[in-house]
Amino acid sequence: MFELSPWDTLIYTLLILALMFFISKLFIGSPPAVRIRDNKNGHRWSYTDFVINFPLHCNACETFLLTATGQCCTVCGAAACTTAKCIRTVDRKVSCKSVSRCKSLEEAKVKSAQPARHRWLAGNLPLDSTCSVCDDPAGDGPGLRDLRCVWCQRSVHTQCKELLGDKCDYGKHSNLIVPPERVVAKQGRTVASPRRKIISHLLLPTDNPQFRPLVVVGNNKSGNSDGAAVLAGFRRHLNPAQVVELGESSMEEALEWCTLASPRQCIVLACGGDGTIGWVLNTIDKLKLSTPPAIAIFPLGTGNDLARALGYGSGSDCSEDITRVMSDVENAKIVDLDRWKVEVVPKRHLRIRLPTTTIFMNNYLSIGVDALVTHNFHKARESPFYLISSRIINKLIYFSYGTKDVLERQCQNLNNKLELYMDGKKIELPEIESVVVLNIPYWGAGVKPWELGSGHKDFNFTPSFSDKKLEVFCVYSSFHIAQMQVGLSEPHRVGQAREVKIKLTGSVPMQIDGEPWEQHPSEISLQHHTQVPMLQMGTRNAVS
């Protein structure tokens, strides 16, 4: 039998350990960073199912592209026929917007000191385009007419191009755009992504205090699946790396922009509903960023109560003017939003103490009939028969479940299943079916419950989302909610408090910021956690 000497055994052991170390290094991903998609090897193509509002011609053969017969780059706006020949031609001859033009900080310092140049794209100008030189309409007529800069969005006649010059100032939204010559990218390869690139450094301007990078986060399926078109619109106006699709990257990677830009504050535009905004704020809280971003909202959800409270309106879609949205974000003012820590301590079950759950609340917490309707809606949305995602269909489902509960009244006599304490004082409740703890003025997809009727005149305070206080009111039934929705009734107002505690003696439906579940007997306490900077639209900019 073959035997190894002690020295041979030691050498073989060290070799095996070294091999295992290198293998582990290969399979361990790099720490969170801003991943980028390199556009140097081609465009980011998408089928042109929106050409009715945006006529396109192929940038290779100039063929007019009808619906579903062509593709459009969601980054720069170049178009191509679906034939492989035209796609290869456009990929080869028409370069896409660059994410980065530097591989080191030294190179970034040199290139950023030089004036940027226009990146012209022929044809496919927006319908209302005018020449930046002569102010006449541009892009009219068949084929690829005139030029558009993919960075500053200026349009110009081909014959007027020389009069405009080559210097690009990145347009009227230059304070939101991170130029590619100020972005340092390097290889961040892993076994799963061998061609991955990440942004390692940003060389932001120090002589412009108005400069705040805009980072857009969202999901392609948000809204009525409008998220893809909305994100594409922002990619065409910003550096493509500033737009993060959450189906491809994590929220932690998106918020790495805040670390790279520090001490300069970023603006994070959350495209989605109240759940997406809560996701962003929870991730910021977890990362403990040294310079927290200011949060703006592009409302694509169903209720959008926080968006309403901050002046963004009841909802948006892909028809929104991206340029106007960026202007509103630049002119918005920063306000503080209270965030509340909700601790749920379950009661002992079979002498077993279940773990305490901590959740953070931004909008409101409710227990009872409205949480039951939300819970039923979420179960319906997770059903395999839920095939069409639409804001109108979602509201119809809410309405059907609310009507159903008018007859069933599953949360009747809720006051017998809970005890309410406000600032340590026990509150006697009438016969109710819901208790709502409110942080913002809006609730239930646009209702301002505290301002309904005249009962609010009996309270000598004005509710605010930055006063470190909560408002509490009760609802008598599902039919009472319907009356409040149309302004025919008002809630049973309880009062205002800095701390709220609810003791549950039975199982009831509960929700926080639209996320519902069945809560078993427990003790629920709400305490102020922190304040976060949010961007609030002015009355002039608010969308009704």
### Task
Name all pairs fulfilling the side chain to side chain donor-acceptor pair (under 3.5 Å) condition that reach into residues 198-207, sequence neighbours left out, sorted by first residue then second.
none
### side chain to side chain contact (heavy atoms under 4.5 Å, CB included) evaluation trace for Ile284 with Leu255
CA-CA 7 Å; Ile284 292 173; Leu255 294 176; 3.6 Å; yes
### Distance (rounded to the nearest 0.5 Å) between Trp279 CH2 and Met251 CE
4.5 Å
### Message
Do Tyr312 and Phe298 have side chains that approach each other closer than 4.5 Å (heavy atoms only, starting at C-beta)?
### Response
no
### Task
Supply the atom-to-atom distance Glu499 CD to Lys425 NZ, rounded to the nearest 0.5 angstrom.
16.0 Å
### Message
Rounded at 0.5 Å granularity, tell me how far CG in Asn439 sits from CG in Leu526.
### Response
9.5 Å
### Query
Should the pair Phe461 and Trp450 be assigned to parallel (<30°), tilted (30 to 60°) or perpendicular (>60°) ring geometry?
tilted
### Task
Could you tell me whether the side chains of Arg182 and Asn239 share a donor-acceptor contact shorter than 3.5 Å?
no
### Query
Does Ile359 offer a backbone N or O that forms a donor-acceptor pair with the side chain of Trp340 under 3.5 Å?
no
### Task
Begin with the C-alpha distance, continue with both residues' side-chain angles, and end with the deciding distance and a verdict on side chain to side chain contact (heavy atoms under 4.5 Å, CB included) for Val472 and Met422.
CA-CA 9 Å; Val472 181; Met422 298 175 61; 3.9 Å; yes
### Task
Can you sort out the partners of Phe473 under ring-ring contact (aromatic ring centres under 6.0 Å, His included), two or more places apart, ordered by chain and number?
Trp443
Can I get a per-line list of side-chain donor-acceptor pairs under 3.5 Å for residues 262-278, giving both atom names and the distance, sequence neighbours left out?
from, atom 1, to, atom 2, distance (Å)
Ser262, OG, Ser290, OG, 3.3
Ser262, OG, Thr291, OG1, 2.9
Arg264, NH1, Asn208, O, 3.1
Arg264, NH1, Phe211, O, 2.9
Arg264, NH2, Pro205, O, 2.9
Gln265, NE2, Pro292, O, 3.1
Asp274, OD2, Asp305, N, 3.3
Asp274, OD2, Asn363, ND2, 3.3

### Task
For residues Ala254 and Val215, report the shortest heavy-atom separation together with the two atoms involved.
O-CG1, 4.0 Å
#### Entry: NZ/NE/NH1/NH2 to OD/OE distance under 4.0 Å, Lys347 and Glu523
no
### Query
Would you say the side-chain atoms of Asp513 pair up with the backbone N or O of Tyr364, donor to acceptor, closer than 3.5 Å?
yes
### Message
Walk me through whether Glu433 and Lys417 qualify under salt bridge (charged side-chain N to carboxylate O under 4.0 Å, His left out).
### Response
CA-CA 10 Å; Glu433 292 192 17; Lys417 294 183 179 181; over 6 Å; no
### Message
What verdict does the side chain to side chain contact (heavy atoms under 4.5 Å, CB included) test give for Leu337 and Leu310, after you've listed the backbone C-alpha separation in whole Å, the side-chain angles of each residue and the deciding distance to 0.1 Å?
### Response
CA-CA 10 Å; Leu337 173 70; Leu310 293 171; 5.7 Å; no
### Message
Could you report the tightest heavy-atom contact between Pro240 and Val75, atom names first, then the distance?
### Response
CG-CG1, 3.4 Å
### Query
Is any side-chain heavy atom of Leu504 closer than 4.5 Å to a side-chain heavy atom of Ile367?
yes
### Task
To the nearest 0.5 Å, tell me how far Ser366 OG sits from Met510 CE.
8.5 Å
## Note on the structure
Taking every heavy atom of Pro441 against every heavy atom of Phe465, the minimum-distance pair comes out as CD-CD2, 4.1 Å
### Task
Examine distances only and state if a side-chain atom of Gln531 and a backbone atom of Ser466 form a donor-acceptor pair shorter than 3.5 Å.
yes
### Message
Within the 4.5 Å heavy-atom criterion, are Lys333 and Leu535 side-chain neighbours or not?
### Response
no
### Query
Where is the tightest heavy-atom contact between Ala332 and Met537, given as atom of each residue plus distance?
CB-CE, 3.3 Å
### Task
Could you please spell out the steps behind the side-chain hydrogen bond (donor to acceptor under 3.5 Å, both in side chains) verdict for Ser434 and Asp370?
CA-CA 7 Å; Ser434 181; Asp370 60 328; 2.8 Å; yes
### Glu490 side-chain N/O to Gly455 backbone N/O, donor-acceptor pair under 3.5 Å
yes
#### Entry: Smallest separation among heavy atoms of Leu438 and Pro449, with atom names
CD2-CG, 3.8 Å
### Message
Walk me through whether Asp336 and Lys468 qualify under salt bridge (charged side-chain N to carboxylate O under 4.0 Å, His left out).
### Response
CA-CA 10 Å; Asp336 291 328; Lys468 299 181 182 180; over 6 Å; no
### Task
Say whether, by atom type as modelled, one donor and one acceptor occur between the side chain of Gln242 and the main chain of Leu214 under 3.5 angstrom.
yes
### Summary
Between Phe459 and Gly495, the two heavy atoms sitting closest are CE2-CA, 3.9 Å
### Message
When you compare the side chain of Glu245 with that of Asn219, does any pair of heavy atoms fall below 4.5 Å?
### Response
yes
### Message
Checking the side chain of Ser129 only, and the main-chain atoms of Leu125 only, is there a donor and an acceptor separated by less than 3.5 Å?
### Response
no
### Summary
Contacts of His520 meeting ring-ring contact (aromatic ring centres under 6.0 Å, His included) (sequence neighbours excluded), chain-then-number -> none
### Message
Rounded at 0.5 Å granularity, tell me how far CG in Asn415 sits from SG in Cys474.
### Response
9.0 Å
### Query
Taking NZ, NE, NH1 and NH2 as the nitrogens, is one of them in Arg493 or Glu471 under 4.0 Å from a carboxylate oxygen of the other?
no
#### Entry: Donor on one side chain, acceptor on other, Ser314 and Asn304, under 3.5 Å
no
### Task
List for me each residue that meets side chain to side chain contact (heavy atoms under 4.5 Å, CB included) alongside His480, sequence neighbours excluded, and say none if there are none.
Val475, Tyr476, Ser477, Gln483, Met484, Ser489
### Query
Side-chain contact, heavy-atom cut-off 4.5 Å: Lys172 with Thr323?
yes
#### Entry: Pair Asn175, Gln210: side-chain N/O donor-acceptor within cut-off below 3.5 Å
no
## Note on the structure
By side chain to side chain contact (heavy atoms under 4.5 Å, CB included), Lys341 pairs with (sequence neighbours left out) Glu343, Thr358, Phe360, His529
### Query
Roughly how far apart are Cys152 SG and Ile177 CD1, rounded to 0.5 Å?
9.0 Å
### Query
Going by distance alone, is a donor N or O of one side chain under 3.5 Å from an acceptor N or O of the other, for Gln153 and Arg148?
yes
### Message
Taking the side chain as everything from C-beta on, heavy atoms only, tell me whether Glu253 gets closer than 4.5 Å to Val244.
### Response
no
### Message
Set out, in order, the CA-CA distance, both residues' side-chain angles and the distance that settles side chain to side chain contact (heavy atoms under 4.5 Å, CB included) for Lys501 and Ile524, then state yes or no.
### Response
CA-CA 6 Å; Lys501 183 178 292 186; Ile524 303 161; over 6 Å; no
### Task
Taking the side chain as every heavy atom from C-beta outward, state whether Arg235 and Val216 have any pair of such atoms under 4.5 Å apart.
no
### Task
State, without any angle test, whether Glu330 and His173 hold a side-chain donor-acceptor pair at a distance under 3.5 Å.
yes
### Backbone of Leu281 reached by a side-chain donor or acceptor of Asp285 within 3.5 Å
no
### Query
Counting only N and O atoms by type, is there a donor-acceptor contact under 3.5 Å from the side chain of Arg236 to the main-chain atoms of Cys73?
yes
### Task
State, yes or no, whether a side-chain contact exists between Arg308 and Leu306 at a heavy-atom distance under 4.5 Å.
no
